Amino acid sequence: MHDSRSLPTFAAGAVDVPYVIQGMDELVSRDTVWEEHSHPTHELLWNLRGASSATTGSRTWTITPLVGLWVPAGVVHSGRMPAGTWYRAAQFGLHAAPPLAQEPVAVEITPLLALLLDRLDDDALPTASRTLTEQMVLDVLEPSPHELFVQRPRGDLLRPIATALTEDPADQRGLTDWAVLLDVSPRTITRAFRAETGLSFARWQAVLRAQRAILLLAQGIAVEQVAEQVGYRSASAFGAAFRRTTGTTPARYRPA
């Protein structure tokens, strides 16, 4: 069971806001789903604790304390957060904050950026100090080289594969197994994956497994158990695949 929340859908700039940046945070006590919605402002999402996901179109992004997500104003998105996630969201007024990108993009949550955003939570911050801090936030915001998203294939051919592996990333069926099951050649599946996701089947599967692994690691589950749950025969094999996919180690996503 999970909580489901609904929010309105706004076009970009549909509501005038008096602020440049306005933040909020919440510790969710139950698994929570945000149904599709959009904001009149740009939004930056990141977590103080735990890992969550946001979906825009056919892409599902991973959000952590290290890497957040910039969602431009008016872009429809939904979200999922496991119980215990402590998330933060900052809204950026269109009148003062140019879009970081025209499409959703991952953002590196550096220690400096986190401190600046924390400072804006101080209601007693003098106006001049707030203006300076807001300018610094806008100056240090930049896309992250560590973005992690899964592009879900939309075609009928790949739908059974995507559904099965999303439900169970540890599914051991390979390209040849799926070709036999779907009565097509492995080359046909390979071409379809590259056309719809930009990745090979093996690469897409590795990204999907890494995304699920981050959610499990953030909950404090042991690396050995995570490796098994996402389909690797050993923690070392999992660690090597995780580094190739994310550029960092599983330990980076475990709670402090």
Side-chain angles (χ1 to χ4, degrees), residues 1-12 14-15 22-92 103-107 109 144 147-154 158-171 197 204-205 207-221 225-226 229-230 246 253-255:
M1 294 293 292
H2 63 260
D3 287 344
S4 182
R5 303 189 189 181
S6 59
L7 292 172
T9 299
F10 288 105
V15 178
Q22 179 172 286
M24 60 86 66
D25 67 283
E26 180 186 0
L27 175 61
V28 297
S29 59
R30 292 167 56 97
D31 291 353
T32 303
V33 172
W34 274 259
E35 298 173 4
E36 287 192 338
H37 63 281
S38 61
H39 302 283
T41 51
H42 305 307
E43 182 176 47
L44 176 63
L45 296 166
W46 76 105
N47 296 334
L48 295 176
R49 186 171 74 206
S52 55
S53 65
T55 298
T56 62
S58 60
R59 288 184 175 183
T60 297
W61 303 77
T62 299
I63 299 171
T64 71
L66 304 171
V67 180
L69 180 65
W70 174 272
V71 184
V75 172
V76 174
H77 58 287
S78 59
R80 288 181 174 271
M81 294 185 186
T85 302
W86 188 357
Y87 78 91
R88 290 200 63 178
Q91 306 297 328
F92 291 71
E103 300 291 336
V105 65
V107 170
I109 305 300
S144 170
E147 67 178 4
L148 187 65
F149 65 82
V150 171
Q151 179 85 32
R152 186 174 180 85
R154 293 181 176 272
L158 300 184
R159 187 173 294 117
I161 304 176
T163 299
L165 295 181
T166 299
E167 292 178 354
D168 180 16
D171 191 316
T197 71
W204 185 89
Q205 184 181 43
V207 173
L208 180 74
R209 286 176 167 179
Q211 192 175 66
R212 182 67 59 85
I214 288 173
L215 294 174
L216 297 172
L217 290 165
Q219 295 174 41
I221 298 175
Q225 291 179 271
V226 173
Q229 290 187 41
V230 298
T246 67
Y253 291 96
R254 289 181 57 77

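Everything numeric here is computed off the predicted structure, so don't read it as measured data.
There is a side-chain donor-acceptor pair under 3.5 Å between Thr60 and Thr55. Looking at Thr163 and Arg152, their side chains do bring a donor and an acceptor atom within 3.5 Å of each other. With 3.5 Å as the limit, one finds a donor-acceptor pair spanning the side chains of Ser52 and Asn47.
With hydrogens and angles disregarded, no donor-acceptor distance shorter than 3.5 Å links the side chain of Thr85 to the backbone of Tyr87. With hydrogens and angles disregarded, no donor-acceptor distance shorter than 3.5 Å links the side chain of Trp204 to the backbone of Ala162. In this structure, the side chain of Arg209 engages the main chain of Val230 through a donor-acceptor pair within 3.5 Å. Judged by distance alone, the side chain of His2 and the main-chain N or O of Thr32 form no donor-acceptor pair under 3.5 Å.
With a 6.0 Å radius and a threshold of 12 heavy atoms from other residues, nucleotides or ligands, Trp86 has its CH2 atom at or below the threshold. The 12-atom threshold is not exceeded at CZ of Arg80, counting heavy atoms of other residues, nucleotides or ligands nearer than 6.0 Å.
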Q: Report the C-alpha distance between Leu216 and Gln229 in whole Å, list the side-chain angles of each, state the deciding distance to 0.1 Å, and finish with yes or no for side chain to side chain contact (heavy atoms under 4.5 Å, CB included).
A: CA-CA 9 Å; Leu216 297 172; Gln229 290 187 41; 3.7 Å; yes

Q) Going through the checks in order, is the side chain to side chain contact (heavy atoms under 4.5 Å, CB included) test met by Ser38 and Val75? A) CA-CA 6 Å; Ser38 61; Val75 172; 5.8 Å; no

(Q) Determine whether Thr62 and Arg212 satisfy the following criterion, side chain to side chain contact (heavy atoms under 4.5 Å, CB included), listing intermediate values before the conclusion. (A) CA-CA 9 Å; Thr62 299; Arg212 182 67 59 85; over 6 Å; no

Q | Full working for side chain to side chain contact (heavy atoms under 4.5 Å, CB included) between Leu148 and Ile214 | A | CA-CA 10 Å; Leu148 187 65; Ile214 288 173; 3.4 Å; yes

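Contact check for Gln91 versus His42: no side-chain heavy atoms found under the 4.5 Å cut-off. In this structure, Leu66 and Tyr253 have side chains that are in contact, with non-hydrogen atoms separated by less than 4.5 Å. Considering only heavy atoms from C-beta on, Ile109 stays 4.5 Å or farther from Val67 through its side chain.
For the atom pair CH2 (Trp34) and OG (Ser6), the distance works out to 12.0 Å, reported to the nearest 0.5 Å. Residue Ile63 holds its CD1 atom at 5.0 Å from CG of Leu69, rounded to the nearest 0.5 Å. Interatomic distance, OG1 of Thr41 versus CZ of Phe10, reported as 9.5 Å (0.5 Å rounding). The CG atom of Leu158 sits 10.5 Å away from atom CG of Leu165, with the distance rounded to the nearest 0.5 Å. To the nearest 0.5 Å, atoms CZ (Phe149) and CD (Glu147) are separated by 5.0 Å. Rounding to the nearest 0.5 Å places CD of Glu103 at 8.0 Å from OG1 of Thr56.
In plain terms, the two heavy atoms of Pro65 and Gly50 that are nearest each other are CD-O, 3.3 Å. Across every non-hydrogen atom of Thr9 and His37, the tightest pair is OG1-CA, 3.9 Å. Residues Pro72 and Pro104 approach most closely at CD-N, 3.6 Å, considering heavy atoms. Between Pro82 and Ala51, the closest heavy-atom pair is CD-O, 3.2 Å. Closest non-hydrogen pair, Ala73 versus Pro40, comes out as CB-O, 3.6 Å. Considering all non-hydrogen atoms of both residues, Thr166 and Leu208 come closest at N-CD2, 3.9 Å.
Under the rule for a salt bridge (charged side-chain N to carboxylate O under 4.0 Å, His left out), the partners of Arg88 that lie at least two apart in sequence or sit in another chain are Asp118, Asp121. With sequence neighbours left out, Asp171 forms a salt bridge (charged side-chain N to carboxylate O under 4.0 Å, His left out) with Arg173.
Sorted by first and then second residue, the salt bridge (charged side-chain N to carboxylate O under 4.0 Å, His left out) pairs involving residues 29-56 (not counting sequence neighbours) are Asp3-Arg30.
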